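Because the structure is a prediction, the values reported are computed rather than measured. Position 1 is the first residue of the sequence, and the numbers go up from there.
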Amino acid sequence: MRVIGLMSGTSYDGIEAAAAEFDLSGDTLRMRPLGRLSHPYPDRLRTRIAAALPPAPTTTEAICVLDTGIGQAFAEAGVRALAELCGGDANLVVSHGQTMHHWVDGGMVRGTLQLGQPAWIAEATGLPVVADLRSRDVAAGGQGAPLVALFDALLLAGLPGVPAALNLGGIANITVVAPDADPLAFDTGPANALLDAAVRHFSGGTEEYDRDGQGAAAGQVNPALLRRLLDEPYYLLPGPKSTGKELFHRPYLLAALADAPTPEPNDVLATLTRLTAVTVADACRDHGVTRLIVSGGGAHNPTLMGMLVDELPDVHLTSSDEVGVPSDAKEALAFALLGYLTVHGLPGTLPSGTGARHASVLGSITPGRQPLRLPAPAETAPDRLLIDTPD
């Protein structure tokens, strides 16, 4: 089956599209990546998203406008992926949508909202669409995140030692696969969320992120600010756990700076970069990680990667590219895999990764132009993922 995955993360800088062919044989799922592309959000849509994100107030009108605008942008990305990655021939689109709110109350996730009406994608591509993948896990008592845990667990199965997969998006999440133990997954804390907020703040909105970590590299860590940031109670919670920009946003950063003034912007960036490295490293040490496979936008930040090496001198760090999964396409490919499992009647969650009472088949399906015909339910769930390289 040929599947297109569409993903936009908490940095809301655009849509990553990836396509792959999947084939399930017995307990082995083979994935053949077909390529990836980036589809930027229009500036006006990004501005609307930013204006509606917590802790800003919003309206049902704004949410309705966003649901349509994001859906149309995802539809454009899907049409491009169908033509450019699949030669016009695919079976399914899987859309993560854009997370606007992840409702966490007392460590429990009560609800999660991803916008991007899938009807626009189905109408534009003519293909069935699996969307709203997080809500079922939340209804089953889970965190609804990180949903890449199953993909990671299948990919890391059989690797020696204690391997882990780390994704550095707006939020950092990790999946640890230790021998003779259920996989564990959780959000470690911010990756780029506070960094991006700081850059936008200090630049007056003219810059979006610390390009190549240059600002952090030019600054010095402020120990007082780092201590203040590390006092965050979230870091002490046991996994599974999840977080988002509902917690780690610009007012959160400004409150920390009020308590630990740091006049030089580059020193703030250096401190925030070290915060990400320290919180990731703490999670790795807590679970005895020996190999860390990194993906996401933060993997392109040499200052952050250097700090991770400093914090984890005995851990072997590699890019997910080295195991056959393009770093920038990993989350889109992971959601493509989850949609493939959904239409085959297979669960897409690990209760040990999200804290749910049981594993669930994820998402809702919007039919394409043709009558909806699902494959026969698979008899066996996969327990390993093999990556085939394209011809």
Practice prompt. Tell me who clusters with Val162, hydrophobic residues only, linked when side chains sit under 4.5 Å apart either directly or through other members.
Written response: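 Leu166, Leu168, Ile174, Val176, Leu184, Phe186, Val280, Val289, Leu292, Val294, Leu304, Met305, Leu308, Val309, Leu312, Val315, Leu317, all in the cluster of Val162.
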
Over 12 foreign heavy atoms within 6.0 Å of [atom1], [X]:
X	atom1	result
Arg36	CZ	yes
Gln220	CD	no
Asp43	CG	no
Arg110	CZ	yes

Sub-3.5 Å donor-acceptor pair from the side chain of [X] to the main-chain atoms of [Y], do we have one?
X	Y	answer
Thr99	His101	no
Thr354	Gly142	no
Asn266	Ala270	no
Ser352	Pro183	yes
Gln143	Gly107	yes
Thr366	Pro128	no
Ser8	Gly14	yes
Lys241	Tyr234	yes
His344	Tyr340	yes
Arg291	Ala164	no

So [Y] and [X], do their side chains get closer than 4.5 Å, heavy atoms only?
X	Y	result
Val130	Ser364	no
Leu115	Thr68	no
Ser327	Ser319	yes
Tyr209	Asn301	no
Val3	Asn91	no
Ile365	Val343	yes
Val93	Leu6	yes
Glu208	Arg46	yes

Determine whether [X] and [Y] fall in the same hydrophobic cluster, where Ile, Leu, Val, Met, Phe, Trp and Tyr are linked whenever their side-chain heavy atoms lie under 4.5 Å apart.
X	Y	value
Leu341	Leu133	yes
Val104	Ile171	no
Met1	Leu362	yes
Met7	Leu338	yes
Ile293	Leu350	yes

Discussion item. I'd like to know whether Ile387 forms a side chain to side chain contact (heavy atoms under 4.5 Å, CB included) with Val323, so could you lay out the CA-CA distance, the side-chain angles of the two residues, the decisive distance to 0.1 Å, and finally the verdict.
Written reply: CA-CA 8 Å; Ile387 310 297; Val323 293; over 6 Å; no

For [X] and [Y], which heavy atoms make the closest approach, and how far apart are they?
X	Y	answer
Gln98	Gly9	NE2-O, 3.0 Å
Leu29	Leu337	CD2-CD1, 3.6 Å
Pro382	Leu346	CD-CD1, 4.1 Å
Pro251	His249	CD-ND1, 3.2 Å
Asp383	Leu154	C-CD2, 3.4 Å
Thr271	Leu226	CG2-N, 3.6 Å

In plain terms, say whether [X] and [Y] are close enough for a salt bridge, that is, a side-chain N and a carboxylate O under 4.0 Å apart.
X	Y	answer
Glu207	Arg200	no
Asp152	Lys330	yes
Arg30	Asp388	yes
Asp282	Arg285	yes

Discussion item. What verdict does the side chain to side chain contact (heavy atoms under 4.5 Å, CB included) test give for Glu264 and Phe202, after you've listed the backbone C-alpha separation in whole Å, the side-chain angles of each residue and the deciding distance to 0.1 Å?
Written reply: CA-CA 10 Å; Glu264 288 295 326; Phe202 290 122; over 6 Å; no

Just verifying a value: how many Å separate [X] [atom1] and [Y] [atom2], rounded to the nearest 0.5 Å?
X	Y	atom1	atom2	value
Ile49	Leu45	CD1	CG	4.0 Å
Ile70	Arg48	CD1	CZ	11.0 Å
Asp23	Leu386	CG	CG	11.0 Å
Asp210	Asn192	CG	CG	9.5 Å
Met100	Leu113	CE	CG	7.5 Å
Thr243	Tyr235	OG1	OH	8.5 Å

Modelled atom types, side-chain donor and acceptor of [X] and [Y], under 3.5 Å:
X	Y	answer
Arg250	Tyr252	no
Thr262	Asn222	yes
Gln114	His96	no
Ser242	His102	yes
Thr112	Arg134	no
Asn167	Ser295	yes
Ser135	Asp132	yes

Discussion item. Evaluate Glu76 against His39 for side chain to side chain donor-acceptor pair (under 3.5 Å), listing each step before the verdict.
Written reply: CA-CA 8 Å; Glu76 292 169 0; His39 187 79; 3.1 Å; yes

Item to complete: Starting from the C-alpha separation in whole Å, work towards a yes-or-no answer on side chain to side chain contact (heavy atoms under 4.5 Å, CB included) for Arg2 and Leu92.
Response: CA-CA 7 Å; Arg2 186 172 289 183; Leu92 181 70; over 6 Å; no

Fill in: Candidate pair Leu195 and Leu269, rule side chain to side chain contact (heavy atoms under 4.5 Å, CB included), full reasoning
CA-CA 6 Å; Leu195 274 167; Leu269 299 182; 4.0 Å; yes

Worksheet entry | salt bridge (charged side-chain N to carboxylate O under 4.0 Å, His left out) between Arg369 and Glu123, worked out | CA-CA 7 Å; Arg369 292 196 192 101; Glu123 182 68 20; 5.5 Å; no

